[in-house]
S.K.: 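Here's a structure for you.
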Amino acid sequence: MIDPTILRTDPDRIRESQRRRGEDVAIVDRLITADSAQRTAQQRFDDLRNKQKTLGKQIGPLQGALKKADEGQRASLQSEVDALMVQASALADEVKSADAEANAAGLLADELWLQISNLVNLDSPVGGEADFKVLELVGQPRDFASEGFEPKDHLDLGESLDAIDTVRGAKVAGSRFFYLKGQGALLEFALLNLAMQQAVSHGFIPMITPAIVLPEAMEGTGFLGQAAENVYRLEQDDLYLVGTSEVPLAAYHADEILDQDQLPLRYAGWSSCFRREAGSYGKDTRGIIRVHQFDKVEMFVFTTPEAAEAEHGRLLQWERDFIDALEIPYRIIDVATGDLGSSASRKFDIEAWIPTQGTYREVTSTSNTTEFQSRRLKIRMRDGKHQRPVATLNGTLCAMPRIIVALLENHQQVDGSVRIPQALQAFLGGKTSFTPSA
RNA sequence: GGAGGCGUCGCCUAGUCCGGUCUAUGGCGCCGCACUGCUAAUGCGGUUUGGGUCUUAACACCCAUCGGGGGUUCAAAUCCCCCCGCCUCCGCCA
């Protein structure tokens, strides 16, 4: 959620953000109403409760005196107690109803708060999915025509290398599931190790996280809003399968107050990721570009709000370093306001060149979620005498299937083998290429 | 899955049986001040978190907060119910 004082002092800022996202603007006014109603109701309850406590405190001592009192005083004390009891009893009813009202008003306000997305960064390009801005093109796509052969797509390559099996994936688990096999499985381990080695060298703490989380973690990271339809839910246990280890990493410090001295805290999480891919029927049905389950190394950072923007730049740089090491051509885009998701105020994607598609496809994504998640998850930092929310950021270091797609397609050779980039060779026993099985 | 025990404001801890004097005790840690060649020690004061009064800061005050939720009561850390977590033992298990 965003800073409530902004709603009270500068609601136009929220309206403008909603407008740029293409989201409901009128909700801001409903929230203003609900917010002030909530505070009024709470104040009424507080006042009544204060009266009740004041009154209640008189009864105890009086009853004590009553016990010790002699016959003469007893009657008058008793009537005093009775009178107080009658008053207190009436007040108790009022308190009860005021409490119920305040709670109801609070629930309504909370519900609306959850629907407001993070304030967009004013530098984000305005528009929908297609209105991204290309910031940079890196590397040169290969000219397969001049090399004299037609590139195969990653699935053809993966099958001839006996590295990817989507047919049996579908047989066993349904469409959009796959097996990595043999050199394919080893490739994933190599990528994992390269990614972790890089992350650790930059001070990230490696983490293997739960892939199933409570509703609070999902809600707190902003995945139960518009993104909810893509989240797997285990109904019987009221748990969720995570779509990214961003969720368990963010929630790791929920309800905690961090020392400002220890910031930034950088974590590199490894987990399986699960996505329903609802609404993408017919899209990317071939191969492993869009699947229900995959593994990913995710970077996640807790830092001060002031340092967040610079950290965002570093996350992007580390993502670039990784793709550079794999020698894959790519471009960097500044994602448009309508495509940010509810948590991000700004988002940069790296899209790798996919030769058989003749286009760039998303392989990483880094978001500055400012204080949006930390407010929901109650992650604060001690800042002198005060505490205030931290900023959180996330970025993909290595999403396995898409990196494997880019790697296979870009480094394929005319004989059907695939060149292994130098940086990866050490993690594959010094091998320099993957070769088709006989 | 079964039996038993436990959950208190950073950590440890008193309080829960028998409801009001709990504005939650004490210790450790931490912060400030004083004292002292320095450090240490000592003394004094402060130190849960959230919301509000309040346009900002300080101060003050009010409300909530004793794992979470509900209930009983004029009044709940304390009594009742449900849930969650931790520990010990048993069963099962990679």
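The analysis underlying the following values was restricted to heavy atoms, covering all of them including side chains, and did not include hydrogens, waters or symmetry mates. Since we're looking at a predicted model, the values are computed, not measured. To find a chain, count down the sequence lines: A is the first, B the second, and so on, and within it residues start at 1.
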S.K.: Can you tell me the pairing partner of B/C33 across any strand shown, Watson-Crick or G-U wobble, with both distances under 3.5 angstrom?
M.R.: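 Check on B/C33: paired to B/G43, both distances under 3.5 Å.
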
S.K.: Counting only side-chain N and O atoms of A/N50, is one of them less than 4.0 Å from OP1 or OP2 of B/C62?
M.R.: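 Indeed not, no polar side-chain atom of A/N50 lies that close.
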
S.K.: Round to the nearest Å and state the distance from A/Q387 atom CD to B/C30 atom C1'.
M.R.: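 Taking atom C1' of B/C30 as the reference, CD of A/Q387 is at 14 Å.
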
S.K.: Can you tell me how far P of B/C61 sits from CG of A/D47, to the nearest Å?
M.R.: 17 Å

S.K.: Expressed in angstrom and rounded to an integer, what is the separation of A/L377 atom CG from B/G50 atom P?
M.R.: 15 Å

S.K.: Using whole Å, what does the distance between atom P of nucleotide B/G51 and atom CG of A/L107 come to?
M.R.: 17 Å

S.K.: Using a strict cut-off of less than 4.0 Å between a Lys/Arg side-chain nitrogen and an Asp/Glu carboxylate oxygen, indicate whether A/E256 and A/R380 qualify as a salt bridge.
M.R.: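 Salt bridge absent between A/E256 and A/R380.
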
S.K.: Rounding to an integer number of angstrom, what distance separates B/G10 and B/A58 when you compare their P atoms?
M.R.: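 Rounded to whole Å, the distance is 22 Å.
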
S.K.: Hey, does the side chain of A/Q43 come within less than 4.0 Å of B/U53's phosphate (OP1/OP2), counting only N and O?
M.R.: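 A/Q43 to B/U53 OP1/OP2: no side-chain N or O under 4.0 Å.
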
S.K.: With a 3.5 angstrom cut-off on both distances, give the Watson-Crick or G-U wobble partner of B/U21, or none if there isn't one.
M.R.: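 No nucleotide pairs with B/U21.
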
S.K.: Is A/D238 salt-bridged to A/R233, cutoff N-O under 4.0 Å?
M.R.: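 Yes, charged N to carboxylate O under 4.0 Å.
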
S.K.: In chain order, what residues pass the side-chain contact (heavy atoms from CB on, under 4.5 Å) check against A/E216, with sequence neighbours excluded?
M.R.: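 Testing A/E216 for side-chain contact (heavy atoms from CB on, under 4.5 Å), a comparison that skips the adjacent residues, returns A/L214.
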
S.K.: Say we look at B/G32 and B/A41: how far apart would their P atoms be, to the nearest angstrom?
M.R.: 15 Å

S.K.: With C1' as the reference atom in both, quote the distance from B/A57 to B/C66 in angstrom, rounded to an integer.
M.R.: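 About 33 Å, rounded to a whole number of Å.
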
S.K.: Is the phosphate of B/G50 approached by A/R380 (side-chain N or O, under 4.0 Å from OP1 or OP2)?
M.R.: yes

S.K.: Between B/A24 and B/G85, how far is it from one C1' atom to the other, in whole Å?
M.R.: 23 Å

S.K.: Is the number of heavy atoms from other residues, nucleotides or ligands within 6.0 Å of CD (A/Q425) greater than 12?
M.R.: yes

S.K.: Report yes if at least one side-chain N or O of A/R382 is closer than 4.0 Å to OP1 or OP2 of B/U49; otherwise report no.
M.R.: yes

S.K.: Let me know the distance between CG of A/D255 and C1' of B/C84, rounded to the nearest Å.
M.R.: 14 Å

S.K.: Sticking with atom P, work out how far B/C6 lies from B/A14, rounded to a whole angstrom.
M.R.: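 Roughly 12 Å separates the two P atoms.
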
S.K.: If the sugar-phosphate is the primed atoms plus P, OP1 and OP2 and the base is the rest, what is the B/S/- string for nucleotides 65-82 of chain B, using protein heavy atoms under 4.0 Å?
M.R.: -------S-BSS------

S.K.: Which residues pass the side-chain hydrogen bond (donor to acceptor under 3.5 Å, both in side chains) test with A/E306, sequence neighbours left out?
M.R.: A/R388

S.K.: For the C1' atoms, the ones on B/U25 and on B/U16, what distance do you get once it is rounded to whole angstrom?
M.R.: 14 Å

S.K.: Nearest whole angstrom, please: distance from the P of B/G51 to the CG of A/D35.
M.R.: 12 Å

S.K.: Starting from C1' on B/C62, measure out to CG on A/D46 and report it in whole angstrom.
M.R.: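 Atom CG in A/D46 sits about 7 Å away from atom C1' in B/C62.
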
S.K.: Tell me the interatomic distance from A/R376, atom CZ, to B/G50, atom P, rounded to whole angstroms.
M.R.: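 Spelled out: CZ on A/R376 to P on B/G50 is 19 Å.
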
S.K.: P atom, B/G69 versus B/U13: distance in rounded Å?
M.R.: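 Approximately 24 Å lies between the P atom of B/G69 and that of B/U13.
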
S.K.: State the pairing partner of B/C6; accept Watson-Crick or G-U wobble contacts with both distances under 3.5 Å, and report none otherwise.
M.R.: B/G85

S.K.: With sequence neighbours excluded, tell me which residues meet side-chain hydrogen bond (donor to acceptor under 3.5 Å, both in side chains) with A/S417.
M.R.: A/D415

S.K.: Of A/T5 and A/R39, whose nearest nucleotide on RNA chain B comes first from the 5' end?
M.R.: A/R39

S.K.: State the pairing partner of B/G50; accept Watson-Crick or G-U wobble contacts with both distances under 3.5 Å, and report none otherwise.
M.R.: B/C63

S.K.: Name the pairing partner of B/A75, where a pair is Watson-Crick or G-U wobble with both distances under 3.5 Å, or state none.
M.R.: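 Matched B/A75 with nothing under the 3.5 Å cut-off.
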
S.K.: Given the P atoms of B/G26 and B/U47, what is the spacing between them in whole Å?
M.R.: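 Pairwise P distance, B/G26 against B/U47, rounds to 13 Å.
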
S.K.: Taking everything shown except A/Q317 itself, do over 12 heavy atoms lie less than 6.0 Å from its CD?
M.R.: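 Atom CD in A/Q317 is crowded, with more than 12 foreign heavy atoms closer than 6.0 Å.
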
S.K.: Tell me whether the OP1 or OP2 atom of B/G20 has a side-chain N or O from A/K53 closer than 4.0 Å.
M.R.: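 Indeed not, no polar side-chain atom of A/K53 lies that close.
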
S.K.: Under the ring-ring contact (aromatic ring centres under 6.0 Å, His included) definition, can you give me all pairs with a residue in residues 192-213 of chain A, not counting sequence neighbours?
M.R.: A/H202-A/W318, A/F204-A/W318

S.K.: Tell me every residue that passes salt bridge (Lys or Arg N to Asp or Glu O under 4.0 Å) with A/D162, counting only those two or more places apart in sequence or in another chain.
M.R.: A/K181

